[in-house]
Chemist: 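Below: one structure in structure tokens.
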Amino acid sequence: MKEIKAVVQPHRLPKIRSALRNIKGFPGMTVSKADGCGHHLSNTHNVREELTDYSPKVRIDLVAPDELVEGILQVLVEVGHTGQHGDGIVWVTPVERMIRLSEKIIVHDC
């Protein structure tokens, strides 16, 4: 199992959600509002602007079986990409263990 996290532009979320729901076995996701700033250098020399250069983002968190990871990543990258600075970022980390509370099922050896 893998944990996939993405920070994307808010206006891309409806299309991302729709595309992810078309993946057979899609496990669901959690979406949170976030503010972020990129790694690109600002052209401003105004301290006030530098301290408030955050833009609204959406963070997507999900845990998926290994066999779904590539399809989910493909959707996040293709649908989330606009070609503009600040499109976002996606990362994947291994999951040691997962417990689905609604089913009281502990998934070992993820």
Chemist: Write down the atom of Met98, the atom of Val63, and the distance for their closest heavy-atom approach.
Modeler: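 Minimum heavy-atom contact is SD-CG1, 3.7 Å.
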
Chemist: Please step through side-chain contact (heavy atoms from CB on, under 4.5 Å) for the pair Leu101 and Ile99, ending with a clear verdict.
Modeler: CA-CA 6 Å; Leu101 297 177; Ile99 301 170; 4.1 Å; yes

Chemist: Treat each ILVMFWY residue as a node, draw an edge where side-chain heavy atoms are under 4.5 Å apart, and state whether Val90 and Ile60 are in one component.
Modeler: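 Yes, one cluster joins them.
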
Chemist: Measure the shortest side-chain to side-chain distance between Val58 and Gln9 over non-hydrogen atoms and say whether it is less than 4.5 angstrom.
Modeler: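 Sidechains of Gln9 and Val58: no contact.
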
Chemist: So, are Asp35 and Lys57 salt-bridged, with charged N and O less than 4.0 Å apart?
Modeler: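 Salt bridge absent between Asp35 and Lys57.
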
Chemist: Closest heavy-atom contact between Gly80 and Asp87?
Modeler: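 So the two residues come closest at O-CG, 4.0 Å.
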
Chemist: Quick check on the hydrophobic clustering: are Val31 and Val75 connected, directly or via other members, by side-chain heavy-atom contacts under 4.5 Å?
Modeler: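 Yes; Val75 is reachable from Val31 via cluster members.
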
Chemist: Looking at Leu62, Val77, Val92, which hits side chain to side chain contact (heavy atoms under 4.5 Å, CB included) with Ile72?
Modeler: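 It is Leu62; the other options fail the test.
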
Chemist: Counting distance only, does the side-chain N/O of Asp61 pair as donor-acceptor with the main-chain N or O of Lys5 below 3.5 Å?
Modeler: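 Here the side-chain-to-backbone pair does not exist.
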
Chemist: Do Leu73 and Trp91 touch side chain to side chain, with heavy atoms closer than 4.5 Å?
Modeler: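 No, every pair of side-chain atoms sits at 4.5 Å or beyond.
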
Chemist: Under 3.5 Å, sequence neighbours excluded: what are the donor-acceptor pairs made by side chains of residues 11-30?
Modeler:
{"residue": "Arg12", "atom": "NE", "partner": "Val79", "partner atom": "O", "Å": "2.9"}
{"residue": "Arg12", "atom": "NH2", "partner": "Val79", "partner atom": "O", "Å": "2.8"}
{"residue": "Asn22", "atom": "ND2", "partner": "Ser18", "partner atom": "O", "Å": "3.3"}

Chemist: If you compare all heavy atoms of Glu3 against all heavy atoms of Val95, which two are closest, and at what distance to 0.1 Å?
Modeler: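 For Glu3 and Val95, the tightest heavy-atom pair comes out as N-CG2, 3.4 Å.
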
Chemist: Are Val8 and Ile4 connected into the same hydrophobic cluster when the rule is that any two of I, L, V, M, F, W, Y join if their side-chain heavy atoms are below 4.5 Å apart?
Modeler: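 Yes, one cluster joins them.
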
